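Note on naming: letters A, B, ... go to the chains in the order of the sequence lines (proteins, then strands), and numbering restarts at 1 for each one. As the structure is a prediction and not an experimental result, all values here were calculated from the model.
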Protein chains: 2
Amino acid sequence: MLTYELEIKLTNIFDVARKAGVSKSTVSRVFSHGYVADATRRKVILAANELNYVPSLLARQLRDQKTRTIGFIAKSYYPSVGVLLNFVTHFAERKGYNVTVYFTKSKKDEIRILDNFRLHALDGLFFVANRNDWSFIERYAKYGPIVTWRRIKSNKVYSSFIDHYPLYKEILEYIYNKYGVQKVGHILNDPTKNNTKARLKAINAIDQKYPNADNQWQLFYPEQEGAGEKAANKFLNNRDAPKIIVAYSDYVAAEFISNLHAQGLRVPNDIKVFGFDNSDFGKFMNISTIDTCLNLQVKNDVNYIISNLEQKDFYKEEIHPRLIKRSTC
Amino acid sequence: MLTYELEIKLTNIFDVARKAGVSKSTVSRVFSHGYVADATRRKVILAANELNYVPSLLARQLRDQKTRTIGFIAKSYYPSVGVLLNFVTHFAERKGYNVTVYFTKSKKDEIRILDNFRLHALDGLFFVANRNDWSFIERYAKYGPIVTWRRIKSNKVYSSFIDHYPLYKEILEYIYNKYGVQKVGHILNDPTKNNTKARLKAINAIDQKYPNADNQWQLFYPEQEGAGEKAANKFLNNRDAPKIIVAYSDYVAAEFISNLHAQGLRVPNDIKVFGFDNSDFGKFMNISTIDTCLNLQVKNDVNYIISNLEQKDFYKEEIHPRLIKRSTC
DNA sequence: ATGAAAGCGCTAACAG
DNA sequence: CTGTTAGCGCTTTCAT
């Protein structure tokens with residue numbers, strides 16, 4: 001057991017002031033903004049260096065009632081969450097903001113975070129996923145900017161969503177073009193989510209357009225982890241299953257394919273699989289997919305937060321997802 | 001542009017006190033520890049609820065000179081970083097600690113974080129990777145617990161490392177057993193890192209033991225991102241390259257295999273690949289690997305931090321990595 | 001059992 | 001240009 005210098009008083013602004021023979025405020029001015037005579041400034045800097053002084057973040061945070069910290073809130077971990085976090089942190093750090101990560105296990109967990117937000121312990125909130133209803137979360141929007149990459153309709157919470165409707169239609173058209181109109185299976189996310197609704201709507205539109213289309217084979221898995229395996233089991237136990245499957249993420253597609261391989265099935269020979277989001281899984285396993293430009297989505301989210309905090313205009317970057325043809329479909 | 005209720009004073013302990021007809025300290029006692037008569041307590045709770053009062057985190061942090069926050073420090077993002085972060089956050093949250101993520105771009109960035117640590121803005125530090133020398137970082141160990149999963153020798157910074165020496169020997173023995181003693185290639189990390197040194201030492205020991213062994217084909221890539229692709233290029237441009245390659249992570253192995261596939265090579269038919277760390281990439285691409293039990297490593301790290309902070313005994317969990325035979329080797 | 005007062009370290013408004 | 005003072009919101013002796 002080590003003992004730490006935790007009880008030792010930090011060298012503070014007052015120590016520096018005394019050593020430099022000036023007042024607290026002068027030292028403060030040197031380390032923040034404010035006019036200080038050059039000679040005085042030098043004295044202060046000198047004293048500060050000798051004492052190895054660094055201004056206390058905690059004191060500043062209490063004083064300013066802001067922390068320059070963004071809360072990153074998810075429900076569980078899966079690879080895309082890591083990628084999102086990477087982008088959020090990347091864009092935040094460029095503007096001098098930190099990111100604190102939360103995995104909520106319950107509504108209460110989430111409320112605790114929202115309360116910390118209200119208390120200015122967090123300046124902005126990025127939701128990967130939420131546990132309480134948006135209508136509830138929205139109430140906190142008056143305390144600062146809240147954003148999400150999810151597709152939601154709200155004038156309080158900013159959403160950087162991209163519309164899956166045209167993209168999903170594009171996928172199906174691509175498949176029909178390449179392999180002919182036929183039975184296609186779908187591994188989808190939570191049916192109550194707007195992205196899933198948009199996909200379902202796309203399927204509907206396609207069904208109208210192509211009388212021979214058959215898109216009845218639909219599986220829904222709100223959790224990415226294990227979705228591919230479960231879908232594979234369903235697939236393998238159903239002789240009537242389609243020969244072309246569209247998954248809602250490359251990760252899910254990858255796990256699906258992996259489980260198919262384990263049963264001796266070949267992709268694309270025996271079955272074709274289309275992914276979504278163009279992650280490393282898609283790249284390495286050569287999965288046809290849609291590049292959703294996640295980095296730009298996150299960029300919009302973070303820029304929204306920061307431009308709001310700093311009272312600047314927010315410029316939304318247009319996003320142009322594109323279909324990537326690879327070997328699995 | 002929205003406007004936020006940022007300037008509005010928070011309802012604080014004093015407001016509650018006034019409403020309840022008691023003093024600040026009594027309210028404080030109710031919300032922290034301390035004896036308060038039942039009747040008084042009820043009055044306070046009532047007033048607090050009516051005012052929607054929540055104690056200020058910021059004020060407590062300044063007061064206590066601790067934040068219950070652990071800094072997670074990496075140099076860049078690659079999938080294993082996400083996995084590490086997930087585990088760190090998981091174990092930290094169970095004990096009521098938060099995690100703030102940093103990607104350092106320079107030594108200065110890292111020093112800024114270390115300074116915040118000194119200033120009690122961070123209670124503990126987890127290093128995925130460091131930019132300054134360990135000897136420099138060690139100096140900050142007197143301000144609180146610092147840990148890393150990297151293999152370092154230090155009595156100030158805790159290391160949860162597992163010894164790659166026996167594991168790497170095990171991999172080579174496994175290969176020789178299965179395919180006979182022959183030329184084996186190695187994709188390795190930074191040669192100055194102790195894990196890499198341990199692997200090199202294992203190769204040496206194996207070379208002694210098997211006179212016919214040939215382990216000269218060695219590539220070094222400190223950055224995981226792109227390592228597999230570069231290694232593949234080297235491999236493809238070298239007709240004398242070995243037919244069995246060991247990579248330093250499943251991710252690197254996956255990218256390597258992916259690039260081989262793109263050139264029409266088949267694994268394991270044309271070439272065999274062994275990974276390391278048992279990530280999702282290994283699982284989905286069926287890569288033989290070593291399960292390093294990363295979660296336990298991180299568990300030890302986080303437990304070390306927290307038991308030190310809370311002055312409790314630290315119990316290290318023993319880790320038993322194991323070889324996982326899959327299809328690529 | 002409760003209140004008064006000091007202090008965590010900083011900044012900004014106000015004087016001078 | 002610099003010093004004084006008040007205040008951010010909380011906890012913790014020390015009295016009573």
Under 4.0 Å between a side-chain N/O of [X] and OP1 or OP2 of [N], yes or no?
X: Ser56(A); N: dG9(C); answer: no
X: Arg60(A); N: dT11(C); answer: yes
X: Tyr53(B); N: dC10(D); answer: yes
X: Thr26(A); N: dG3(D); answer: yes
X: Ser28(A); N: dT11(C); answer: yes

Whole-Å distance between [N] [atom2] and [X] [atom1]?
X: Lys66(B); N: dG9(C); atom1: NZ; atom2: C1'; result: 18 Å
X: Gln61(B); N: dC8(D); atom1: CD; atom2: P; result: 18 Å
X: Phe31(B); N: dC10(D); atom1: CZ; atom2: P; result: 9 Å
X: Gln65(A); N: dC10(C); atom1: CD; atom2: P; result: 16 Å
X: Phe14(A); N: dG3(D); atom1: CZ; atom2: P; result: 12 Å

**Asked** Hey, which of Val101(B), Asn98(B), Thr89(B) is the one that makes side-chain contact (heavy atoms from CB on, under 4.5 Å) with Thr100(A)?
**Response** Asn98(B)

**Request:** Look at the aromatic rings of Tyr304(B) and Tyr158(B) and report parallel, tilted or perpendicular, splitting at 30° and 60°.
**Result:**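 It falls in the parallel class, under 30°.
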
**Message:** Is the ring pair Phe126(B)/Phe72(B) parallel, tilted or perpendicular, if the boundaries are 30 and 60 degrees?
**Reply:**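 Parallel.
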
**Message:** Let me spell it out: for each of Leu58(B) and His33(B), pick the nucleotide of DNA chain D with the closest heavy atom. Which residue's pick is nearer the 5' end?
**Reply:** Leu58(B)

**Prompt:** Do Arg29(B) side-chain and dG3(C) base share a donor-acceptor contact under 3.5 Å?
**Reply:**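 In this structure, the two groups form a donor-acceptor pair.
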
**Prompt:** Does Ser25(A) make a side-chain donor-acceptor contact with the base of dT4(D), cut-off 3.5 Å?
**Reply:** yes

Between [options], which nucleotide has the shortest distance from any of its atoms to the side chain of [X]?
X: Val22(A); options: dG9(C), dC1(D), dG3(D); result: dG3(D)
X: Asp64(B); options: dT11(D), dT2(C), dC1(D); result: dT11(D)
X: Arg63(A); options: dC1(D), dA1(C), dG7(D); result: dG7(D)

**Message:** With a 4.0 Å cut-off on N to O distance, would you call Asp115(B) and Arg118(B) a salt bridge?
**Reply:**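 The answer is yes: the pair qualifies as a salt bridge.
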
**Request:** Decide if the gap between the ring center of Tyr77(A) and the ring center of Phe87(B) is smaller than 6.0 angstrom.
**Result:**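 That pair fails the under 6.0 Å test.
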
